[in-house]
> 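Questions regarding the structure given below will be posed in turn.
Note that these values count all heavy atoms, side chains included, but never hydrogens, waters or copies made by symmetry.
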Amino acid sequence: MKTAVWLYLFMFVAIFDLHAQYPILTPFAVSLGATPSFIGLILGVYSITHLPGNLIAGYGVDRYGSKGFIVFSLIVAGIVLLIQSRVSDPWGLLVIRSISGFVLAFLSPACLSLLAKIAKNQIQQSKLMAGNGMVHTIASVLSPAAGAYLVSQLGFAKSFTFLGWGLILTGLLAWIGVREERSGAPANMTIAGEHALSPDTQANLAVSAQENIPWLFYAVPLALSCSQGILFFELPLMKEASSSIMTSGVFFSVVSMGALVTLSLLFLNRIFPFYRVMFGCLALAFIFFGMSVHWPLPLYVSLFLIGMTKGVIFPAIASLLAALTRADRYGRVFSILSVSYSIGAFIGPIVAGHTRTQVSPYFLAFLCLMLALSLLPSRSFAAPVRV
């Protein structure tokens, strides 16, 4: 489990650096003279340049292992942030963010693949994925407020420099600390809730699911990241957050605090992951709908509820795919997952930037999630039946 601890450390620093930029990128782009629609493009291009990196990582991780991709991603992303500290116009920021999106695309598939391989069984695998979600959430709780504080004290340039050196040092630690056994994990694992299934049911479900994960399933992570991209674009521009970068940073931290609550509920790992995905997405959709019609709940409460649903959904998606995939295909499956996240995160800010004066961006997030749920191939994922 030492490898898992190292991976958690690297993911913590990477997510900390990434989320620390969320409340400051929009004000930074505004300070460079970017318009709202161009800001949406800046935020979106980071995600769309994930695509080639995700595709390369998918086959590369399965063939060459995870360590090299983790080290490369962290160090080069740090160097890019150092360059970003010297950007002086919106187009330069667009180019830098596109490069950053490409190099960081390798990190998530590599880490998730390595975590899945070191697990001895699916229950442990689910716990490792939940642990990854916990680390991700703790980092995202602390980082937005920390990033806003850095800017308030040091300014944009020095803040990006500080974050860049953090990534570089973490990459060097990854080179020293990661130990990877190429033999991998067992090729077949039972799904969550295995105690409720007969051996024949377990075997049939595992084989059929590993043979074919329906492509329509990936509409769910795409819609999730689209709605998240809309939130990250719109939140700093709302009147409640526009008065102060610190206020915007606190709002992002509230989302992560909500996720931390549900991630702490360890009994959720015993629930069939497909159910967690489905009902979590449904709850998230209705929260966005409530925000679009200005329901009476305060903004802080709405953001906290959004975070709670994220804490349920994201680990469940990773657990479900890991349980239904052969060990020699982890890299490819998690790269497809990352591609889905990237496409959604690209579409969300751009659409919100061009339509926010005509329709509530939060209503668009609601529509995306409901459409994905309507396309969800439920019959392809057998529910655990008690025998």
> Taking CZ in F162 as the centre, count heavy atoms belonging to other residues, nucleotides or ligands within less than 6.0 Å. Is the count above 12?
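No - once you tally the heavy atoms of other residues, nucleotides and ligands closer than 6.0 Å, there are 12 at most.
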
> Should the pair F38 and W91 be assigned to parallel (<30°), tilted (30 to 60°) or perpendicular (>60°) ring geometry?
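Rings of F38 and W91: perpendicular, as their planes differ by over 60°.
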
> Provide the closest heavy-atom pair for C368 versus A223 in the form atom of the first, atom of the second, distance.
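C368 and A223 have their closest heavy atoms at O-CB, 3.4 Å.
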
> Where is the tightest heavy-atom contact between I75 and G171, given as atom of each residue plus distance?
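In this case the closest contact between I75 and G171 is CG1-CA, 3.8 Å.
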
> So which heavy atom on S98 is nearest to which on V45, and how close?
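Answer, listing the atom of S98 first, then V45: CB-CG2, 3.9 Å.
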
> For a quick test of reading the model, state the closest non-hydrogen atom pair linking P221 to S340 and the distance between them.
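Nearest pair, atom of P221 first, then S340: CG-CB, 3.9 Å.
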
> For L32, run the side-chain contact (heavy atoms from CB on, under 4.5 Å) check against D89, L93, I39 and tell me which one passes.
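Answer after filtering D89, L93, I39: L93.
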
> Against F288, only a single residue in L369, T309, L364, I230 fulfils side-chain contact (heavy atoms from CB on, under 4.5 Å); can you say which?
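Only one of L369, T309, L364, I230 forms a side-chain contact (heavy atoms from CB on, under 4.5 Å) with F288, namely L369.
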
> Ring centres under 6.0 Å, that's the criterion: do W295 and F289 meet it?
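No, the ring centres sit 6.0 Å or more apart.
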
> Please confirm whether the ring centroid of F274 lies under 6.0 Å from the ring centroid of F217.
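No - the distance between ring centres of F274 and F217 does not fall below the 6.0 Å cut-off.
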
> Assign the ring pair F28 / F160 to parallel, tilted or perpendicular, where the plane angle (0 to 90°) is split at 30° and 60°.
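The arrangement is perpendicular - the two ring planes meet at more than 60°.
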
> Do F233 and P361 make a side-chain contact, defined as non-hydrogen atoms from C-beta onward lying under 4.5 Å apart?
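Side-chain contact under 4.5 Å: no.
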
> Do you know which two heavy atoms are closest between S66 and A110, and how far apart they sit?
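What the structure gives for the nearest pair is OG-O, 2.9 Å.
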
> Tell me whether the rings of Y218 and W215 are parallel (<30°), tilted (30 to 60°) or perpendicular (>60°).
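Rings of Y218 and W215: tilted, as their planes differ by 30° to 60°.
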
> Are the side chains of L337 and V333 in touch, meaning some heavy atoms are under 4.5 Å apart?
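A side-chain contact under 4.5 Å is absent here.
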
